[in-house]
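In what follows, a single structure is set out as structure tokens and then discussed.
When a residue number appears, it is its place in the shown sequence, counting from 1. Just so you know, ligand 1 is whichever comes first in the structure, and atom 1 is the first atom listed for that ligand.
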Amino acid sequence: MKSFALPGLALGVATSATQIDGGQLDTEWHRWAGAGGAKDGSTPARAADHWNRVTQDVELLVELGIKHYRMGIEWARVEPSPGQFDPEAIAHYRGEVAALRAAGITPLVTLFHFNLPGWLVDAGGWLGPDIKTAFGRFTRKMVQELGEWVDEWIPINEPNVYATMGYLYGVWPPEEHSLRQAVAVMQAEAEVHIAAYQMIHALQPDAKVGTAAHLRAFQPASAKNLVHWLATRTGDHFFQRALLKAMNTGVFGLPFRRPRGVAARRYYDFQGVNYYTRSTLSGSGDQVPANSAVNDLGWEIYPPGLIEVCRWVNEAYPGPIYITESGTCDNTDSFRSRYLYDHLAQIAASDLPIERYYHWCFTDNWEWAEGEVARFGIVALDYETQSRTVKDSGRFFADIIANHGVTEQAYVRWVEPQQYRTS
Ligand code: IFM
């Protein structure tokens, strides 16, 4: 039997503002990409031009039977200068979430997904003195303006990725190579998350608020090697566990300092998990094991890791789990259906309280430093014409939604012919 049911799992798709909206704005990433930062020289100004195609895209969501849509707000767009909100931009987002609701689609809204307004970058960004006040003002305004239609919020997407890629590895803006700064950014993110959690609940007592944590399945290259084991424990702790604990519980352990006025209590209503791959650590870093299935960016495809990370999350932070992102870079859509199948099969076989699964991404998206080249969507995007074409994996996803699981026929049609390539 290749079929399985997914009772109780709501399926949706995820996006972020910078990666699909398009538009010439003054943001952290427009500046960086405009100066030639992305590998293909592209910028987010084009992306999927979703800003001008909301109606068409909502129709496409409906056509695919999608009932849950994770989307982002572009901070620089709604607040182009400090404290000055743009009523037209806000009206646009109000129209979008109203249209989603009218179509029977529940929006889950991300406030910060990697991209600061330029004015806040100039004020020091996540390391500057203004971030907490500015984030609070932005959060309050968005909840007041969108709260009629939105009651599910993610204040910060993948705070660990933002901090490490930009401040430790230096491959994203602002290209710093400083462990101290990366830790300071994480500290600020955790404090901001907690303040946003409290503010949203003060404004909307029944809201559901959680972070979307980028979690990797960490393992030593050799289980018997003490160095590998230590590297794994250290990487796991500093990359994900310490930060998640601070955000979810208000308990700031090493490497953080205890902030004033933050009580230890629960600061999540669901645990969002963005899962993509595994980290296999030896003394010399993270390597994909030989002969592993890999995607077009060379990331290992390791479906059991989805449940491995959800299991520790469930033990540490009991409550509903939303897979807020799962997907892969497959430029020719030649293994995405198998990827979907393998990850959903893990959920079907597990006893964990996984309530939602948002596929990343809806359409192909502007993929940060990778630019336009890396394709994650279940809907293909022609960047020149902006035409959208549902991929086979999109048809498969729609079929899963319609049948509340994978049927035998769907498996034979979309999954059986596909193979992964190996490292
Ligand atoms: O595109 C990103 C997204 O912005 C955050 N999570 C991982 C995705 C794929 O790299």
At less than 4.0 angstrom from any non-hydrogen atom of [X], what atoms of ligand 1 do you find?
| X | value |
| --- | --- |
| Gln19 | 1 (O), 2 (C), 3 (C), 4 (O) |
| Glu158 | 5 (C), 6 (N), 7 (C) |
| Phe114 | 4 (O), 5 (C) |
| Phe376 | 9 (C), 10 (O) |
| His113 | 3 (C), 4 (O), 5 (C) |
| Trp368 | 1 (O), 2 (C), 3 (C), 4 (O) |

- Message: With a heavy-atom distance limit of 4.0 Å, tell me whether Trp299 approaches ligand 1 through its side chain, its backbone, both, or neither.
- Response: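 Within the 4.0 Å criterion, Trp299 contacts ligand 1 through side-chain atoms alone.
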Side-chain donor-acceptor contact under 3.5 Å, [X] with [Y]:
| X | Y | value |
| --- | --- | --- |
| Asp330 | Thr328 | no |
| Glu79 | Trp119 | no |
| His201 | Asp269 | yes |

Are any of the N or O atoms of Ser16 closer than 3.5 Å to those of ligand 1?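 Checking ligand 1 against Ser16, no N or O pair falls under 3.5 Å apart.
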Below 3.5 Å, N or O to N or O, backbone or side chain included: is there any such pair between Asn157 and ligand 1?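 No, Asn157 has no N/O under 3.5 Å of an N/O on ligand 1.
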Q. Do you know which of Gln240, Gln219, Arg216 makes side-chain hydrogen bond (donor to acceptor under 3.5 Å, both in side chains) with Ser279?
A.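 Answer after filtering Gln240, Gln219, Arg216: Arg216.
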| message | Any heavy atom of Tyr162 closer to ligand 1 than 4.0 angstrom? | response |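 So Tyr162 does not count as touching ligand 1.
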task = Go through the structure and list residues passing side-chain contact (heavy atoms from CB on, under 4.5 Å) with Glu176, not counting sequence neighbours.
result =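 So Glu176 forms a side-chain contact (heavy atoms from CB on, under 4.5 Å) with Tyr167, Pro174, Gln181.
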Can you list the residues that meet the side chain to side chain donor-acceptor pair (under 3.5 Å) rule with Asp392, with sequence neighbours excluded?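 Not a single residue meets the side chain to side chain donor-acceptor pair (under 3.5 Å) criterion with Asp392.
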Review point. Which option out of Glu325, His214, Glu367 puts a heavy atom nearest to atom 5 (C) of ligand 1?
Key: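 The residue whose heavy atom sits nearest atom 5 (C) of ligand 1 is Glu325.
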request  = Distance to 0.1 Å, residue and atom name: give those for the protein heavy atom nearest to atom 8 (C) of ligand 1.
outcome  =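 Result for atom 8 (C) of ligand 1: Tyr276 OH, 3.4 Å.
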What closest approach, in Å, do Ala374 and Cys329 show between heavy atoms, and which atom pair accounts for it?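 For Ala374 and Cys329, the tightest heavy-atom pair comes out as CB-SG, 3.6 Å.
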Whether Glu325 and Arg70 form a salt bridge (side-chain N of Lys/Arg under 4.0 Å from carboxylate O of Asp/Glu) is what I want to check.
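Glu325 and Arg70: salt-bridged.
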